[in-house]
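Given the structure is predicted, the values throughout are model-derived calculations rather than measurements. Naming: A, B, ... by sequence-line order, numbering from 1 per chain.
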Amino acid sequence: MSWPPPKRAPPSSANMSVDLTLPLPLTNSIPAINAGAAPSAPLVSVRAVEKTYFTRQAPVQAVASASLDVARGEFVSLLGPSGCGKSTLLMMIAGLEQPTGGSILLGGAEVKKPRRDIGVIFQDATLLPWKSALDNVLFPIRILKLPVEAYRPRALELLNMVGLSGFEHKKPSELSGGMRQRVAICRSLIHDPDILLMDEPFSALDAITRDQMNVALSEILETYKKTVIFVTHSIREAAFLSDRVVVMGGRPSTIALDMTMPFPRPRRFEIEETPEFALVCRKLRLTIEEAHQNPLAVRSAASGTFAGKIE
Amino acid sequence: MATTGIGTETGAIIATPTPPKESGGANVRGIVLPLGLAAIVLVGWQLAVTLGHIPPVILPSPVSITRYIIERYDILLMHAVPTTLESAASFVLATLLGIALAIIITYSQIAREALYPNLVFFQLIPKIALAPLFIIWLGIGSQSRIAFSVFIAFFPVVIATTAGFANVDKGMLRLCRALTASEWQIFTSVRFPAALPHIFSGMKIAITLAIIGVIIGEFITAQAGLGYLIIFATARADTEISMAAIVVLCICGLLLYGLVALGESIANRFYSADNS
């Protein structure tokens, strides 16, 4: 690897001193919550959502009657194999696709189009290749027509927090895959959205970098509480990061399991070595297999769940 | 250069810095090899003409062509100016027309479906055959030469720019939509800069075609210009003047091409500048 050794994200005690207050309040944040809605009301509410694609041959139902509530500050993973509709559901929550049935409410208001109080992170970092890391982080500020200079210190803080200080003026081609995804995370946080939607953000990274990114992300979120909906097909990743894991599966796909993760926070990598973690992963794996009713998979589950070797 | 250009990004996952020593050696070779080959060809030409007693009407020697250029630079310059200016004007018009058409093709489905197949079909016409018609339509002045030159030079700009606009990372467009970006914001901050390497590669083809267009126009009708000089000298069997005019034409072409390349590096620097 030609990139410098990954700088470990600073310990959480150092994180607490980082000033992440916004230079200016964002307009257009979710109104119902700020206007004193009932504290128990979910921030994101997915109600009997369906998505059918109308192809030339026959309509294909990707998502059937999915319901899901996410409370403010919660980290919820959507887990399932490729093509189970979890990304489709996420894109509908982002307002990038429209459900063909049911409704999605954000702070009580229906999502009809993209909103500026949502930050989205995709599988690829999708950085502008001709811009520096810092300029890429500030990209949403330009698009949202906010004063760039006022957000510049915050962009530098964010880059510092993910261990990229010294790389602010590097172009994406000079950064490793993990570093670029960290820039993308900073970019999604720069305008302080209430909700982060992450669509398999680390699945293009190698396993070692991915583990580092999981630790880094959970450390970021300790400093900087966000409501996160995280799509992944990695059982371990979902279990490590989430407050709740929602398993999607079946054809058409729907929600097969909604499970609260029993691990305390802050989470460190050691929890993956506990028998409790292995049991949770086993339960998730069995649910995924059951949802797909794949008899071949049962055999591999019997041998694969032992000693926490889930992946 | 290897790390600054927009165009160098494609596909590079991790930039591997080249050791300076090695790239320095490659640079020297990249200059010495082509120059050396050119020198060998020129010396061979000179020897063939001198030792083979080839008459100057058939092939004048490089030395005599150079001598003519140095002695009669005033005449050559007088003819080089209108050719260069008309080529530059045609190139600018072809570029503007090409980019404008590409924008229409990119943003209007109807225009795309109606225009694009016709443009490609148009390209199959041997356009040089149409050059005399431009004289009929627009007269014998510079306007008909410029119009003809634009006519043959705009096509590569349209094709390259359209490809560039279409080649934008789909994920980037999705990100822009998620950020509630307007179509105009997407164009100025993503589509256009991403298409720049394509646009400039189209422009580099267009500049050579623009010069060809003007020369053909001057072949047909002109009172000045290097194309006129070549036709005039050839008719009088004055091959030396012809060759001298061609050499000057090459220099003008290099100059214009260099200006386009300079424009590209300025544009790259502008878009990759740290302006935050």
Side-chain angles (χ1 to χ4, degrees), chain A residues 1-3 28 91 94-97 113-145 148-149 151-152 155-156 168-180 184 187-188 190-191 193 197 199 204, chain B residues 1-20 22 164-165 167-200 264-276:
Chain A
M1 285 255 194
S2 61
W3 50 288
N28 186 19
M91 290 304 113
L96 288 165
E97 286 191 43
K113 56 182 189 342
R115 305 166 52 131
R116 53 197 294 169
D117 47 16
I118 297 177
V120 189
I121 300 172
F122 301 106
Q123 182 175 343
D124 299 312
T126 59
L127 303 177
L128 295 171
W130 56 86
K131 286 290 188 195
S132 66
L134 179 60
D135 269 328
N136 268 293
V137 172
L138 286 166
F139 181 68
I141 300 306
R142 274 174 226 289
I143 295 295
L144 298 173
K145 298 202 181 83
V148 171
E149 270 315 306
Y151 280 86
R152 196 182 147 85
L156 291 168
E168 298 91 349
H169 300 289
K170 298 274 187 235
K171 299 281 151 58
S173 61
E174 300 169 279
L175 303 175
S176 71
M179 290 165 127
R180 276 185 278 171
R187 181 181 58 191
S188 72
I190 185 74
H191 61 295
L197 303 178
D199 187 7
Chain B
M1 192 64 203
T3 51
T4 53
I6 290 174
T8 56
E9 299 298 344
T10 42
I13 294 171
I14 297 166
T16 42
T18 329
E22 210 175 291
F165 287 157
N167 199 31
V168 177
D169 183 359
K170 298 287 175 290
M172 204 63 223
L173 296 180
R174 205 164 47 157
L175 177 81
C176 288
R177 284 210 295 131
L179 284 168
T180 66
S182 69
E183 227 14 272
W184 174 248
Q185 283 181 317
I186 295 174
F187 181 78
T188 54
S189 55
V190 178
R191 256 191 218 279
F192 189 74
L196 267 182
H198 295 259
I199 295 174
F200 274 102
E264 180 173 24
S265 85
I266 290 170
N268 282 353
R269 208 160 301 166
F270 173 76
Y271 275 102
S272 61
D274 255 349
N275 45 21
S276 57

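- For the atom pair OG of B/S182 and NZ of A/K145, the computed distance is 5.5 Å after rounding to the nearest 0.5 Å.
- Once rounded to the nearest 0.5 Å, the distance linking CZ of B/R174 with CG of A/D124 reads 9.0 Å.
- Between the CD atom of B/Q185 and the CZ atom of A/R142 there is a distance of 11.5 Å, given to the nearest 0.5 Å.
- With a 4.5 angstrom heavy-atom cutoff, A/L197 does not touch chain B via any of its atoms.
- The distance from the CZ atom of B/R177 to the CD atom of A/E97 is 8.0 Å, given to the nearest 0.5 Å.
- The shortest non-hydrogen separation linking A/F139 to B/V190 is CZ-CG2, 3.9 Å.
- Across all their heavy atoms, B/A178 and A/V120 have their closest contact at CB-CG2, 3.8 Å.
- Nearest heavy atom pair, residue A/T126 against residue B/M172, reads O-SD, 3.1 Å.
- With values rounded to the nearest 0.5 angstrom, B/L179 atom CG is found 6.0 Å from A/L144 atom CG.
- Nearest heavy-atom pair, B/Y271 versus A/K131, reported as atom, atom and distance to 0.1 Å: O-NZ, 3.1 Å.
- Rounding to the nearest 0.5 Å gives a distance of 5.0 Å between CD1 of A/I143 and SG of B/C176.
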Please assess A/R187 against B/L175 for the test side chain to side chain contact (heavy atoms under 4.5 Å, CB included), listing each intermediate value before the final yes or no. CA-CA 11 Å; A/R187 181 181 58 191; B/L175 177 81; 3.4 Å; yes
